[in-house]
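Everything on this sheet refers to the single structure shown next.
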Number of protein chains: 2
Amino acid sequence: MTAPLPKYDVFQAIADPTRRKLMELLSGEELSVTALSSHFPITRTAVSKHLRVLQEAGLVRERKAGRETRYSLQAAPLLELKRWLGFYEQYWDNKLAALQRLVESE
Amino acid sequence: MTAPLPKYDVFQAIADPTRRKLMELLSGEELSVTALSSHFPITRTAVSKHLRVLQEAGLVRERKAGRETRYSLQAAPLLELKRWLGFYEQYWDNKLAALQRLVESE
DNA sequence: TTGACATGAAACCAAAAGGTGTTATATACT
DNA sequence: AGTATATAACACCTTTTGGTTTCATGTCAA
């Protein structure tokens with residue numbers, strides 16, 4: 001049995017502005033594809049594809065409710081991003097920047 | 001005078017694993033294209049293209065040093081990512097998760 | 001000055017991404 | 001039952017992306 005091996009990771013998923021807006025719309029509220037689509041100039045099908053990308057990255061969960069499918073935000077995978085970002089925090093940190101300036105001025 | 005209007009933003013720039021590895025290699029050290037290329041199975045030209053994407057996103061700075069071009073990390077644009085991420089922190093927060101579980105168990 | 005080295009630029013290519021329209025299917029309404 | 005709704009599944013198109021090869025240019029070292 002091979003692992004699911006998701007095609008899209010968090011980094012790729014959030015790269016697209018449409019997908020980021022979808023996440024924003026889904027923060028707090030559970031919404032259907034049609035409801036979400038009304039906020040975009042693109043077709044419902046296109047929105048649906050973006051939702052699948054988000055789902056593969058684990059950022060969204062779908063739930064069948066009668067004839068419609070409701071999507072909700074799952075923020076947990078963003079923790080990976082936070083960890084990644086954490087590594088670079090030292091590089092914009094004020095104290096370190098000051099130290100760097102000091103070293104460079106020698 | 002039109003704005004520079006960079007083609008790549010931070011979100012897109014970090015979406016590619018090769019570019020993330022480049023950033024990692026450049027953290028702390030200033031390196032040339034050739035030096036960077038030795039860490040990848042792709043051609044030097046391809047690495048050079050990735051570096052341009054990073055540069056357009058402001059994540060990397062280039063400095064001519066004789067016949068070679070040295071690249072260094074510029075972490076500042078990652079602050080935008082941090083701000084974006086900050087908004088979603090509430091959604092994976094332990095307290096909120098606990099509340100959600102409580103509500104769902106009703 | 002003659003090579004060797006470091007890089008950028010251009011032309012090109014295949015695959016993936018973002019879209020579209022159409023069709024099929026399940027669910028709800030009357 | 002029959003119709004309208006919500007969405008998934010296809011098939012298809014176009015642009016972008018990640019990669020290559022080739023060529024031109026500038027720099028260092030003998």
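Proteins come first, then strands; the chains are lettered A, B, ... in the order of their sequence lines, and each starts at number 1. As the structure is a prediction and not an experimental result, all values here were calculated from the model.
- Between B/I42 and B/H50, the closest side-chain pair of non-hydrogen atoms falls below 4.5 Å.
- Sorted by residue number, the members of residues 44-55 of chain A with any non-hydrogen atom under 4.0 Å from DNA chain C read A/T45, A/A46, A/K49, A/H50.
- Ranked by how close their nearest DNA chain C nucleotide is to the 5' end, B/E68 and A/P41 are led by B/E68.
- Counting any heavy atom pair closer than 4.0 Å across all strands shown, B/T43 reaches a base atom.
- For the pair A/R19 (side chain) and A/V53 (backbone), a donor-acceptor distance under 3.5 Å is absent.
- Going from atom CD1 of B/I14 over to atom P of D/dG18 covers 13 Å, rounded to whole Å.
- Checked for salt-bridge contact, B/D16 and B/K21 miss the test: no charged N lies under 4.0 Å from a carboxylate O.
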Stepwise side-chain contact (heavy atoms from CB on, under 4.5 Å) test for A/M23 and B/W84: CA-CA 11 Å; A/M23 290 178 63; B/W84 180 84; 4.0 Å; yes
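- For A/I42 and C/dG21, the CD1 to P distance is 12 Å, given to the nearest whole Å.
- The OH atom of A/Y8 sits 7 Å away from the C1' atom of C/dA16 (whole-angstrom rounding).
- The stretch residues 15-32 of chain A touches DNA chain D through A/S32, each having a heavy atom within less than 4.0 Å of the strand.
- Panel note: side chain B/S37, backbone B/V33; a donor-acceptor pair is recorded below 3.5 Å.
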Could you walk me through whether A/L22 and A/V60 pass side-chain contact (heavy atoms from CB on, under 4.5 Å), step by step? CA-CA 10 Å; A/L22 280 171; A/V60 127; over 6 Å; no
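- Atom-to-atom, CZ of A/R70 to P of D/dA6 comes out at 11 Å; the value is rounded to the nearest Å.
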I would like to know whether B/L54 and B/V10 meet side-chain contact (heavy atoms from CB on, under 4.5 Å); could you show each step before the answer? CA-CA 8 Å; B/L54 287 171; B/V10 183; over 6 Å; no
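- No engagement by B/F40 is indicated, since no non-hydrogen atom pair under 4.0 Å with the nucleic acid exists.
- Spacing between atom CZ of A/F11 and atom P of C/dA17 amounts to 17 Å, rounded to whole angstrom units.
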Would you be so kind as to tabulate the donor-acceptor pairs closer than 3.5 Å made by side chains of residues 65-81 of chain B, with sequence neighbours excluded?
unit_1 : atom_1 : unit_2 : atom_2 : d
B/E68  : OE2    : B/R70  : NE     : 2.6
B/E68  : OE2    : B/R70  : NH2    : 3.1
B/Y71  : OH     : B/E62  : OE1    : 3.2

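- Rounded to an integer number of Å, the gap from CZ of A/R67 to C1' of C/dT25 is 13 Å.
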Would B/R63 and B/E30 count as a side-chain contact (heavy atoms from CB on, under 4.5 Å) here? Give the steps. CA-CA 9 Å; B/R63 186 174 69 85; B/E30 192 191 46; 2.8 Å; yes
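- The CD atom of B/E56 sits 12 Å away from the P atom of D/dG18 (whole-angstrom rounding).
- Considering only side-chain atoms of B/T69, the nucleotide from C/dT7, D/dA8, D/dA4 that sits closest is C/dT7.
- One atom, CD of A/Q12, and another, P of C/dA15, lie 18 Å apart when rounded to the nearest Å.
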